[in-house]
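Residue numbers run from 1 in the order of the sequence given. Order of listing sets the numbers, starting from 1, for every ligand and every atom in it.
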Amino acid sequence: VQNIAEIVPGVFWVKGTLGSNIYIRMTNGGRPIVIDGGFPSDFFKIKKVLDRDLLSRPVLAVATHYHLDHVGSLYELKRRYGLKIAAHQEDANVIEGKEAFEIYKLDPFRRIYYTALSPFLFQYKHTHVELKISGVKSFLPGGELLAIHIPGHTIGSIALLDCENGILFSGDSVRNEKGRIEGPPPQFSTDSALARRALRERLIDVDFNILLPGHGEPIVKDAKKAFAGRFLRGEG
Ligand SMILES: [Zn+2]
Ligand SMILES: [Zn+2]
């Protein structure tokens with residue numbers, strides 16, 4: 001099926017999304033976990049994959065951070081499947097609508113970007129975050145995914161480590177666009193220097209072979225080496 005790629009058995013990349021990359025990881029018990037939610041309109045792509053290809057009700061959707069291109073479909077996913085939403089507690093208030101998006105401190109570049117995207121943004125509905133992640137490293141329920149707090153892109157950005165498969169889901173803390181592995185985009189980040197420091201300190205002792213970024217192409221082998229070359233040596 002062309003709009004889904006199986007990275008390793010049980011880990012899927014939903015292709016052709018408008019917002020962030022969306023991944024689905026099956027638990028060992030065979031239930032889907034959705035990792036990031038794209039824009040609101042990406043709900044239909046996720047639904048198609050879940051209903052037609054995976055045929056199992058998802059239990060959880062994890063947001064790597066609160067940006068609209070990652071949380072857009074969460075409301076509809078919850079409405080349709082009754083799943084729970086997980087995010088770091090530092091970002092949960094924004095996802096729930098209790099705090100404003102700091103991104104609206106608009107500079108001209110952002111204003112153009114958000115004006116162009118406004119037809120999609122306005123469909124966004126806030127949603128309750130049932131599972132608020134805290135601490136530097138903590139396992140999600142079931143113990144198959146480790147959430148690693150990487151503050152900087154947003155203050156509550158997380159990466160998820162799938163220890164069994166050696167996969168790091170990096171959210172926007174690491175991107176891989178146009179064949180280049182990079183940190184978060186400064187113009188959309190709370191503190192990109194902090195993000196680089198957190199990437200160095202918190203991922204130096206973390207092993208992974210595959211990197212599934214929030215934007216750009218998955219790196220399907222030797223990902224830690226590529227990451228280390230960019231972030232653990234030199235200026236990063
Ligand atoms: Zn993003
Ligand atoms: Zn982002």
With a cut-off of 2.8 Å, does D172 put an N/O/S atom close enough to the Zn ion (ligand 2)? yes
Would D42 and S73 count as having a side-chain donor-acceptor pair, cut-off 3.5 Å? no
Do the ring planes of H65 and H70 sit parallel (below 30°), tilted (30 to 60°) or perpendicular (above 60°)? tilted
Is H65 close enough that one of its N/O/S atoms sits under 2.8 Å from the Zn ion (ligand 1)? no
Using the six-membered ring wherever Trp is involved, compare the ring planes of H153 and H67 and label them parallel, tilted or perpendicular (cut-offs 30° and 60°). perpendicular
Metal check, the Zn ion (ligand 2) vs H67 N/O/S, cut-off below 2.8 Å: yes
Pairing of K47 and E76 as salt bridge, 4.0 angstrom limit: no
Atom name in D69, limited to N/O/S, at shortest distance from the Zn ion (ligand 1): OD2
Looking only at N, O or S atoms in H153, which is nearest to the Zn ion (ligand 2)? NE2
Using side-chain heavy atoms (C-beta onward) and a distance below 4.5 Å, is H215 in contact with S20? yes
